[in-house]
Enquirer: 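Below are the structure tokens for one structure; questions will follow.
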Amino acid sequence: MEEQEQVLRSTRVVTPEGERAASVVVAGGTITAVLAHDAPPPAGARLTDLGDDVLLPGLVDTHVHVNDPGRAEWEGFGTATAAAAAGGITTVVDMPLNSIPPTTTTAHLEVKRAAARGRVHVDTGFWGGAVPGNAGDLRPLHDAGVFGFKCFLLHSGVDEFPQLNSDELGAALAELAPFDGLLIVHAEDPLLIEAAPRRPGPRYADFLASRPQAAEDTAIAGLIALARRFGARIHILHLSSASALPLIGAARRDGVRVTVETCPHFLTLTAEEVPDGATEFKCCPPIREAANQDALWRALADGTIDCVVSDHSPSTADLKARDTGDFAAAWGGISSLQLGLSAVWTEARKRGHTPADLARWMSAGPAALAGLDGTKGAIAPGHDADFAVLAPEETFTVEPRRLLHRNPLTAYAGRTLHGVVRATYLRGEMIARNGVLAVSEPAGRLLTRPAPVPRT
């Protein structure tokens, strides 16, 4: 890592207090000061003047399916973290499933860490998994440094990561509550999904009908009730149903510790524009209508939604059923790791939002969720010198062949997006520039969950 003291200067630096002209001083991979824009650099420091490009804290993406080891043909630590770096992301937390083995025991966690070691271009942590029969593994995984535990309430898509029934869900929360472990949940009610109409084929409207909003709303209501009963922390993954937002807001006012995320595709793509047969748009829960999207944006603005993360869930082209266009058969997942910042900014700017909002949703919020807000998610002294440099008014057209994730499939193909990621810095070292890696060796570290600050 670069040890020389350096200064990054911009007329648009996004700090926790807002956007301002500033000079950011970096030494030993850490931010040591945020000075006035015209402050003279410390003697001997290297100055990089970014002009009017926006200097953001490096993005933190807490919802990434790397699939490595075991399904590395879908993705992999090298390719996923390269794409992250190119997209302004400096920290990712890997999901426990789609890899073989899944991260459901400490032994499996060590297999995952061994696969990642020396191959990650950004800092990388790991979620554990809560599955039937592993309640006794949760505390050991927590002590080994996972950031929390993911579970499903319906089939996950892979048989080696089964869902929890209501009794097993309660048992997991009872196990987690004493040490304040976090349960992160794919919240769709299995009975309502089973009862929904199923019409295989290329019509997106048929697929959308098979994943009704009521399935999310019912599942979230049940989770809130259990969190209240056990005094546990829960996090709702990839919210697509805006009709669940009043439930979440009311629960918070009652003191229930529930947080929620949404994803770039729910904020930028709408059901009305998904072409029939375009299975690269399939994800679960699904992309919904424009009116629903508007409500998600309102919830972001008022703070009901805590963060925006990718849910990058890639696969090979054959699993996307591109030859048949059958939504029922296709793997559900949107590949957007490299594009999330630009996609969200493209829509956010039209709705009157600012780069400071981006930093709150895509950096500070996810860092807080993972307990990394002491070192990540802010341009402030004492934090890691992780940055994304964004040219907010420049545009580009998405060409899948230029993306760095393993399989060149994305729902954003051919779209023109605002916001070019000029460069990404990890602990003061430039690791990507203009969409390509800028280092010869991976510079990322493997992260463990930091010790929590006692509640007062």
Enquirer: Measuring from Leu426:CG to Asp123:CG, what's the distance to the nearest 0.5 Å?
Expert: 5.0 Å
Enquirer: Can Asp318 and Thr316 be counted as having a side-chain donor-acceptor contact under 3.5 angstrom?
Expert: yes
Enquirer: Would you say that more than 12 heavy atoms from the other residues, nucleotides or ligands in this model lie under 6.0 Å from the CZ of Arg351, or not?
Expert: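 Check passes, neighbour count above 12.
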Enquirer: Please list, chain by chain and in numerical order, all residues satisfying ring pair (Phe, Tyr, Trp, His ring centres under 6.0 Å) with Phe207, sequence neighbours excluded.
Expert: Tyr204, Phe327
Enquirer: Restricting to non-hydrogen atoms, name the atom on Val439 and the atom on Met430 that form the minimum distance, rounded to 0.1 Å.
Expert: CG1-O, 3.4 Å
Enquirer: A quick test of your reading: do over 12 heavy atoms of other residues, nucleotides or ligands sit less than 6.0 Å from CZ of Arg252?
Expert: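 More than 12 within 6.0 Å, yes.
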Enquirer: Is a side-chain donor-acceptor pair under 3.5 Å present for Tyr412 with Ser342?
Expert: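 Tyr412 and Ser342 do not have a side-chain donor-acceptor pair below 3.5 Å.
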Enquirer: Will you find, in the side chains of Gln213 and Ser243, an N or O donor that is under 3.5 Å from an N or O acceptor?
Expert: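 A pair is found: one side chain offers a donor N or O, the other an acceptor, under 3.5 Å apart.
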Enquirer: Partners of Arg117 by side-chain hydrogen bond (donor to acceptor under 3.5 Å, both in side chains), sequence neighbours excluded?
Expert: none
Enquirer: Below 30° counts as parallel, above 60° as perpendicular, anything between as tilted: where do the rings of Phe152 and His186 land?
Expert: parallel
Enquirer: If we ignore angles and hydrogens, is there a donor and acceptor under 3.5 Å between the side chains of Glu261 and His235?
Expert: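 On atom types as modelled, these side chains qualify, holding a pair under 3.5 Å.
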Enquirer: Please identify each residue that fulfils ring pair (Phe, Tyr, Trp, His ring centres under 6.0 Å) with Trp297, with sequence neighbours left out.
Expert: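 For Trp297 the ring pair (Phe, Tyr, Trp, His ring centres under 6.0 Å) partners, ignoring immediate neighbours, are His353, Trp361.
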